Protein chains: 2
Amino acid sequence: MKEFEKTKLNRIKRGANRAVYDTETINSILDAGFIAQVGYIYDGYPISIPMAYTRKDDKIYLHGSTANRMLKAILESGKTSINVMHLDGLVIARSGLHHSVNYRSVTLFGELKEIIEDSEKSKLLGDIVDQMIPNHWETLRPMHQKELDRTIVVEFTITSASAKIRAKGVNDEPEDYELPYWAGVIPVKQVLEAPIPDKGYPSTINIPQHIETHYNKFK
Amino acid sequence: MKEFEKTKLNRIKRGANRAVYDTETINSILDAGFIAQVGYIYDGYPISIPMAYTRKDDKIYLHGSTANRMLKAILESGKTSINVMHLDGLVIARSGLHHSVNYRSVTLFGELKEIIEDSEKSKLLGDIVDQMIPNHWETLRPMHQKELDRTIVVEFTITSASAKIRAKGVNDEPEDYELPYWAGVIPVKQVLEAPIPDKGYPSTINIPQHIETHYNKFK
């Protein structure tokens, strides 16, 4: 099992029993989402921006307009971190203190560079769309050159990472199990609802099989 | 309508047409969630940590262990920002470029202080639990003093804020509407699934009405 080395940057201190450093688990959390919180420093403040992403091997790819101040800032400073979090449940305990949530959360540190070459950029933009809906990019019209020209693609090579996972039931104080209070877990899930066709053509076009498949998986 | 002043900190540059600065909208986004991404700077890196929160008027309250390095760091530096984001839909366009998501995202800046007084701390911890499940705190056993002693409560007074909202259909290039591709929106929702009682007593106790009500609202 490949693990990230524990350093002062990625070592989890609070709730160390929930800490995970192996790449397989970390990648599975990254692959289960497509929106990341990307951090940057602006005017001395740490700011976190939700952004679409895709993962390939040990790399995360982000994109944005060429005017995006945030992507420019992290490319210049090299200072960012990426968090992806999935909320999996409400943990309802007998005491306030032991209320919690079940979740999977990953924090990544890495090195940044801009992808310059057009065919590589185009391929990666497709991968970002496909992270949202698998097998979708190839069904779209090809990108126009001017669309590619106004888009920046940033490669983030993961050099350090950790995950924190809680995936269990209630953990009350031993003496509190005698209390006549309900306790348990309410699972939380992110689901897709029935697709709403856009005006025009789509109302007479059947929804493509790959979108139907994705919808059925998460509805 | 009360609005936050636009400054260089909170002014939205990319997608300014999606920017919102009024407190009513910002508060409604905050009140629809209970997990925030809280930023801090560690070793020069901006790091974002998911944390439970509650909002009262223009204040956000966070809590954690007294050993929480992150809460200590932001109390010392005064430098943080808070993001709350709800994903509302996948926007599937005819071109890759116009793929998007519907969402509500708020970024807050503010001033921090620690809440010291026990009864105020206790009340606020209750509010944090109630942000997750309304009317829940009063049904629990009272906090023990030692539980209160090992918990830190941080008050964040919002001094600047902005929201970014996308809540509409597909916005393709005019000429692309002729293309024979499906396009539309797939709504995304976070739902609760059937509560799983903890071992022991709960299997013989009915789920309390206020939890049932909350579950029914979001199932």
Side-chain angles (χ1 to χ4, degrees), chain A residues 9 13-14 35 37 39-41 43-48 50 65 68-69 79-81 83 85 87 90 94-97 99 105 107 109 125 129 132-133 137 140-141 143 147 169-170 177 179-180 182-193 195-198 200-202 205 207-208 215, chain B residues 9 13-14 35 37 39-41 43-48 50 65 68-69 79-81 83 85 87 90 94-97 99 105 107 109 125 129 132-133 137 140-141 143 147 169-170 177 179-180 182-193 195-198 200-202 205 207-208 215:
Chain A
L9 205 53
K13 290 184 184 155
R14 303 304 314 154
I35 302 280
Q37 291 275 349
Y40 80 121
I41 298 176
D43 203 22
Y45 288 88
I47 301 182
S48 177
S65 153
N68 188 302
R69 79 173 178 186
K79 298 282 187 182
T80 186
S81 73
N83 178 269
M85 191 241 191
L87 179 64
L90 313 181
R94 293 156 186 86
S95 61
L97 186 79
H99 277 68
S105 175
T107 296
F109 300 92
L125 290 168
V129 165
M132 180 164 104
I133 302 169
W137 182 258
L140 301 170
R141 73 145 166 80
M143 272 200 111
E147 294 177 333
V170 179
Y177 281 81
L179 296 174
W182 191 90
V185 172
I186 305 182
V188 176
K189 221 167 102 178
Q190 196 166 266
V191 298
L192 300 177
E193 298 194 303
I196 302 164
D198 189 27
Y201 254 131
I205 300 174
I207 193 163
Y215 166 63
Chain B
L9 205 54
K13 290 183 184 155
R14 302 305 313 155
I35 302 280
Q37 291 275 348
Y40 81 122
I41 298 175
D43 202 21
Y45 288 87
I47 301 182
S48 178
S65 152
N68 189 304
R69 79 175 180 184
K79 299 282 186 180
T80 187
S81 73
N83 177 269
M85 190 240 190
L87 180 63
L90 314 182
R94 293 158 187 86
S95 61
L97 186 79
H99 277 67
S105 174
T107 296
F109 300 92
L125 290 168
V129 165
M132 180 165 104
I133 302 170
W137 183 258
L140 301 171
R141 72 145 165 81
M143 270 198 114
E147 293 176 333
V170 179
Y177 281 81
L179 296 174
W182 191 90
V185 172
I186 305 182
V188 177
K189 222 168 102 179
Q190 196 167 265
V191 298
L192 300 178
E193 298 193 303
I196 303 163
D198 189 27
Y201 253 132
I205 300 173
I207 193 162
Y215 166 64

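Bear in mind the structure is a predicted one, so any value in this text is a computation, not a measurement. So you know, we letter chains A, B, ... as the sequences are listed, proteins then strands, and number each from 1.
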> Quick check on A:Lys13 against chain B: is it the side chain, the backbone, both or neither that has a heavy atom closer than 4.5 Å?
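The side chain, not the backbone.
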> Quick one: are B:Trp137 and B:Met143 in side-chain contact, heavy atoms under 4.5 Å?
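Answer yes - side chains close enough.
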> B:His99 versus A:Leu140: any side-chain heavy-atom pair under 4.5 Å?
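Result yes, sub-4.5 Å side-chain heavy-atom pair found.
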> Search all heavy atoms of B:Tyr215 against all heavy atoms of A:Ile186 and return the closest pair with its distance.
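Smallest heavy-atom distance, with atoms named: CD1-CG2, 4.4 Å.
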> Is A:Asn83 close to chain B through its backbone or its side chain, or both, or neither, when contacts mean heavy atoms under 4.5 Å?
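For A:Asn83, the contact with chain B is made by the side chain alone.
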> With chain A as the partner, which of B:Leu9, B:Leu87, B:Ile133 has the greatest number of non-hydrogen pairs under 4.5 Å?
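Maximum pair count with chain A is reached by B:Leu9.
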> Between B:Thr107, B:Ile35, B:Val129, B:Thr80, who has the most heavy-atom pairs with chain A when the cutoff is under 4.5 Å?
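Counting heavy-atom pairs under 4.5 Å, the top option is B:Thr80.
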> Of the non-hydrogen atoms in B:Pro50 and B:Ser48, which two are nearest, and what is the gap between them?
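Closest pair (atom of B:Pro50, atom of B:Ser48, distance): CD-O, 4.1 Å.
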> Heavy-atom pairs under 4.5 Å with chain A: which of B:Pro195, B:Pro187, B:Ser105 has the most?
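Among B:Pro195, B:Pro187, B:Ser105, the one with the most close pairs to chain A is B:Pro187.
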> Determine the minimum heavy-atom distance between B:Tyr45 and A:Lys79, stating which atoms define it.
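Result for this residue pair: CE1-NZ, 3.6 Å.
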> Show the nearest heavy-atom pair for residues B:Pro197 and A:Trp182, with the distance to one decimal.
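Smallest heavy-atom distance, with atoms named: CA-CZ2, 3.9 Å.
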> Can you tell me which of A:Leu192, A:Asp43, A:Val191 forms the most heavy-atom pairs within a distance under 4.5 Å of chain B?
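Heavy-atom pair counts peak at A:Val191.
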> Go through the atoms of B:Gln190 and report whether side chain, backbone, both or neither lie under 4.5 Å from a heavy atom of chain A.
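Both backbone and side chain of B:Gln190 come within 4.5 Å of chain A.
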